[in-house]
Engineer: 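This is the structure, below, for whatever I ask next.
Only heavy atoms go into these numbers, but all of them, side chains included; no hydrogens, no water, no symmetry mates. In this text the structure is predicted, and so the values were computed from the model without any measurement. Sequence lines set the chain letters: A, B, ... in the order given, protein chains first and strands last, and positions in each chain run from 1.
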Amino acid sequence: MTFRLFKDEVRRLLQQALDDAGCPKVDFDVSEPQHKEFGDLACNVAFQLAKPLKKAPPKIAAELVEGLKLKIRDTLVLSAEAHPAGHINFKADYSRLSSATLARALKSPENYGYHDSGQGRHIVIEHTSVNPNKALHVGHMRNVIIGDVLYRIMKATNHRATVLNYVDDSGLQVADIVVGFKFAGFDVEPPKGKKFDHYCGDAVYVKINEMYEKDPPLVEKRKLVLKEMEEGKSELARFAADITLRVLNEQLKTCWRMRARYDLLNFESHIVVSKLWGKAFELLKNSKITHFEEEGKNKGCWVIEAKDEEDKVLVRSDGTATYIAKDIPYAAWKLGLVDDPFSYHEFVGQWDGSTLYATMLGGGKPASKEFNGGERVITIIDSRQARLQRIISQVLSKIGAGTREYFHLGYEAVTLSSDTAKAFGIDIGDRQFMHMSGRKGIYVNADYVLDTLHAKAYEEVKMRNPGFTEQQLNATAEEVAISAIRYNMIKQDLDKIITFDVKESLSLEGDTGPYLQYAYARSQRILEKSGQTVDNDARFELLTHEAEIAMIKEIAKLDLVVEDAARSLSPKSLARYSYILATTFNLFYEKVPVLKEGNADIRMARLALVKALGVALKNALDVLGITALDRM
RNA sequence: GGGCUCGUAGCUCAGCAUGGACAGAGCGAACGCCUCCUAAGCGUUAGGUCGAGGGUUCGAAUCCCUCCGGGCCCGCCA
């Protein structure tokens, strides 16, 4: 919270010094130096001024510092120094910064580190959107977790965020398993003990795709099923809808297990039937984004011209709409550019106490809250869809999105490591990884990952906590498992391919989620064992050890990190910050005794510091969707 | 062929938007630290032509160009 104040103050003082010296206006940077011996903040303005002033940077820096020195009294700034290299280095006055930071964290822990940059703006986030014919695999996990962390970041920055999960209940993939059940003899009931979504994906979907190869008439059946599903009246269509719901309910269990939550399920079939497409098509025609092609390879089609791309067919020459004709009206609905054709019903209650709604047509209720109409709409889909998503963005900006923005947040695929591929009997030779394939049954199930992590964590927890009940062991193991996978899925940049290795993913040490939880648990045990109530106004000026100062500084930065994560849509930066926070604490833990400190004032100040660290770490973990554990 | 994207230590990755001070972590390796708040921890050592080349600049991992290598996307399929 307070590092921001310190930074602002440095900027203000610098600007004054520059004005006083009559310097020309230049852009300059105030940021943390690479090495801590240079101080807490550094400025490069002397380099920027070198050319206009025709003077050497060290000289400029030295002169500016002369002016600064007079101004820093009674501020958060302790010193300003000119480094011979030309930088101006600032040190914070920790006698002020410490108490400001720690008192704040201790007195309002529930919102410490959160920020108001969103100012209540409405943001719509879509994630998950897994075809309802199979169970989630690790690739889907990345989507769910990125989306959910983004949602939490938006909440932490005072955005009004709604989360959508798009259910493609009228597509080919659902048709495939319906063909399996109705025309290929698959039992509708899974074998005992097998989740229905796993059964549909692992057995029915994979095998029906094998059968298509040998049995072409089955492919014809799929067309029939697809057609009936679209018309939505027949017994077959009702059967398909039942299957979809059953799979969806199982998928949601997995998502909830990962601590994701949603506001609304958008059924694709409702978009199709709602005639939203017709309205969107009118909008497109009116704004001349689409035209009827008179000749060429797209003769007889309505096409859109996309910037630097080939024309995209919107309406086929037989008058039927392509899939983009579902995406565009849906996107327009999200932005609130078309009248809302849906009514809503309460689908199910969720683990966090919120209600998950679902779209419906006719009946139900009008929206009791705003699901759509976001000032910003963020759609989380893997980057293979980047091209199409770009076209959708372009189209929407042309049909009157105005200041509203449709944004595709892409991320790279999760692939399988060489060793994990071997587990499927596949040798990938020299290659580093291989892509998963739902159709071929080559993927690692999300539930399997969670179960395996849970089992490993269970053993670790049991070893360390012999007194735990079975219930405690399982509850703790589950939290550790979730933190491991959540952290694993967001700690790297979105545009990096994740090569998933079953063995490697089981690590609970080093740069992992459990490491963060462990640091937190250690901090809470110190507080618990002290048996003392922490004094929120302890004598913080007694905290002078290097490790203590480092911790205070990190704690003071939380809101800057949260704000930055929201601005740059970057879950990763929060993960990295949390890791640094934990590392800083672990260092303190090694070097600075708390309970054994003889001086009562110092002990209390350290306890307060430990408690404040706990507040910052817990709040950071909350945003990552990781539960802070008191013991593990 | 065109577009997008990645290429930093043996492996996995930060740093790149807004160019600046000796390029940082984790894993793995070797060695060390529990009579002391949970060792899921901490430390030491080894390990780097920042893919290559050119350019801009006082200064480039960071910006620009070319090339090389990996991946993805380019259907009247969804």
Engineer: Compute both the distance and the angle, then confirm whether Lys285(A) meets the cation-pi test with Phe281(A): under 6.0 Å from the six-membered ring centre, within 45 degrees of the axis.
Structural biologist: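 Ring-cation test returns yes.
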Engineer: Contact class for Val313(A) (heavy atom, under 4.0 Å): base, sugar-phosphate, or nothing?
Structural biologist: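 Counting heavy atoms under 4.0 Å across all strands, the contact made by Val313(A) is with sugar-phosphate only.
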Engineer: With nearest nucleotide decided by heavy atoms, which residue, Leu226(A) or Arg431(A), maps closer to the 5′ end of RNA chain B?
Structural biologist: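 By nearest-heavy-atom nucleotide position, the 5'-most residue is Arg431(A).
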Engineer: Paired with U35(B) by Watson-Crick or G-U wobble geometry, both distances under 3.5 Å: which nucleotide is it?
Structural biologist: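 WC or wobble partner does not exist here.
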Engineer: Contact class for Ser383(A) vs. all strands (heavy atom < 4.0 Å): base, sugar-phosphate, or nothing?
Structural biologist: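 Nothing, no nucleic acid heavy atom in range.
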Engineer: Identify the nucleotide, in any strand shown, that forms a Watson-Crick or G-U wobble pair with A9(B), with both distances under 3.5 Å; if there is none, say none.
Structural biologist: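 WC or wobble partner does not exist here.
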Engineer: How would you label the contact of Asn465(A) with the nucleic acid (heavy atoms, under 4.0 Å): base, sugar-phosphate, or nothing?
Structural biologist: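 Contact class for Asn465(A): none.
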Engineer: Which part of the nucleic acid, if any, lies within reach of Glu459(A) when heavy atoms closer than 4.0 Å are counted: base, sugar-phosphate only, or nothing?
Structural biologist: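 It contacts nothing in the nucleic acid.
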Engineer: With Tyr515(A), which of Tyr579(A), Tyr487(A), Tyr520(A) fulfils ring pair (Phe, Tyr, Trp, His ring centres under 6.0 Å)?
Structural biologist: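 Single ring pair (Phe, Tyr, Trp, His ring centres under 6.0 Å) partner of Tyr515(A) among Tyr579(A), Tyr487(A), Tyr520(A): Tyr579(A).
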Engineer: When you measure from the side chain of Arg464(A) to the backbone of Met632(A), do you find a donor-acceptor pair of N or O atoms at a distance under 3.5 Å?
Structural biologist: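 Checking the backbone N and O of Met632(A) against the side chain of Arg464(A), no donor-acceptor pair under 3.5 Å is found.
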Engineer: Strictly by modelled atom types, are Asn474(A) and His454(A) linked by a side-chain donor-acceptor pair under 3.5 Å?
Structural biologist: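 Yes, His454(A) and Asn474(A) have a side-chain donor paired with an acceptor closer than 3.5 Å.
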Engineer: 5'-most contact on RNA chain B: Leu629(A) or Arg576(A), nearest heavy atom basis?
Structural biologist: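 So the residue in question is Arg576(A).
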Engineer: Please check if the side chain of Asn143(A) supplies one atom and the backbone of Ile380(A) the other of a donor-acceptor pair under 3.5 Å.
Structural biologist: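 It does hold such a pair.
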Engineer: Which part of the nucleic acid, if any, lies within reach of Arg387(A) when heavy atoms closer than 4.0 Å are counted: base, sugar-phosphate only, or nothing?
Structural biologist: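 Contact class for Arg387(A): base.
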Engineer: When all nucleic acid strands are considered with a 4.0 Å heavy-atom cut-off, which category describes Pro593(A): base, sugar-phosphate, or nothing?
Structural biologist: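 Base contact - Pro593(A) has a heavy atom under 4.0 Å of at least one base atom.
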Engineer: Could you list by number each residue of residues 524-534 of chain A showing a heavy-atom separation from RNA chain B of less than 4.0 Å, or answer none if no residue does?
Structural biologist: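 Within residues 524-534 of chain A, the residues near RNA chain B are Arg525(A), Ile526(A), Lys529(A).
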Engineer: For the residue pair Asp419(A) and Ser417(A), confirm or rule out a side-chain donor-acceptor distance under 3.5 Å.
Structural biologist: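 Result is no, nothing qualifies.
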Engineer: By the 4.0 Å heavy-atom rule, please label Leu508(A) as base, sugar-phosphate, or nothing.
Structural biologist: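 Answer is base: heavy atoms of Leu508(A) come under 4.0 Å of a base.
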Engineer: Search all heavy atoms of Pro24(A) against all heavy atoms of Pro52(A) and return the closest pair with its distance.
Structural biologist: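 It is CG-CB, 3.9 Å.
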Engineer: If you walk 5' to 3' along RNA chain B, what is the first nucleotide with an atom under 4.0 Å of a heavy atom in chain A, and what is the last?
Structural biologist: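 Nucleotide range with atoms under 4.0 Å of chain A: G2(B) to A78(B).
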Engineer: Considering every strand shown, what is the Watson-Crick or G-U wobble mate of A29(B) when both distances are under 3.5 Å?
Structural biologist: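 The answer is U45(B), by the H-bond criterion.
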Engineer: Across the strands shown, which category fits Lys591(A) at heavy-atom distances under 4.0 angstrom: base, sugar-phosphate, nothing?
Structural biologist: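 Answer is nothing: Lys591(A) stays at 4.0 Å or more from every strand.
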Engineer: Sort out the partner of U57(B) for me: Watson-Crick or G-U wobble, both distances under 3.5 Å, none otherwise.
Structural biologist: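 U57(B) is unpaired by these criteria.
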Engineer: Hey, are Glu563(A) and Ser117(A) close enough side-chain-wise for a donor-acceptor pair under 3.5 Å?
Structural biologist: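 The answer is no; no qualifying pair exists.
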Engineer: Need one value for Val592(A): base, sugar-phosphate or nothing, where a base atom within 4.0 Å counts as base even if backbone is also close, heavy atoms only.
Structural biologist: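 Base contact - Val592(A) has a heavy atom under 4.0 Å of at least one base atom.
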Engineer: Please classify the glycosidic conformation of C42(B) as syn (within 90° of 0) or anti (everything else).
Structural biologist: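 It is anti.
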Engineer: Categorize Glu504(A) for me: base, sugar-phosphate, or nothing, with a 4.0 angstrom heavy-atom threshold over every strand shown.
Structural biologist: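 It contacts nothing in the nucleic acid.
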Engineer: If only side-chain N and O atoms count, and only distance matters, is there a donor-acceptor pair under 3.5 Å linking Ser269(A) with Asp169(A)?
Structural biologist: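 Looking only at side-chain atoms, Ser269(A) and Asp169(A) do form a donor-acceptor pair, the distance falling under 3.5 Å.
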Engineer: Any base atoms under 4.0 Å from Ala56(A), or only sugar-phosphate, or nothing? Heavy atoms, all strands.
Structural biologist: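 Result for Ala56(A) = nothing.
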Engineer: Would you classify Ala42(A) as touching base, sugar-phosphate or nothing, given that sugar-phosphate means primed atoms plus P, OP1 and OP2, and contacts are heavy atoms under 4.0 Å?
Structural biologist: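 Result for Ala42(A) = base.
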Engineer: Check His83(A) against Phe38(A) and note the closest heavy-atom contact, atom names and distance.
Structural biologist: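 In this case the closest contact between His83(A) and Phe38(A) is NE2-CE2, 3.6 Å.
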Engineer: Please measure how far the C1' atom in C68(B) lies from the corresponding atom in A52(B), and state the result in whole Å.
Structural biologist: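 Per the computed distance, 7 Å lies between those C1' atoms.
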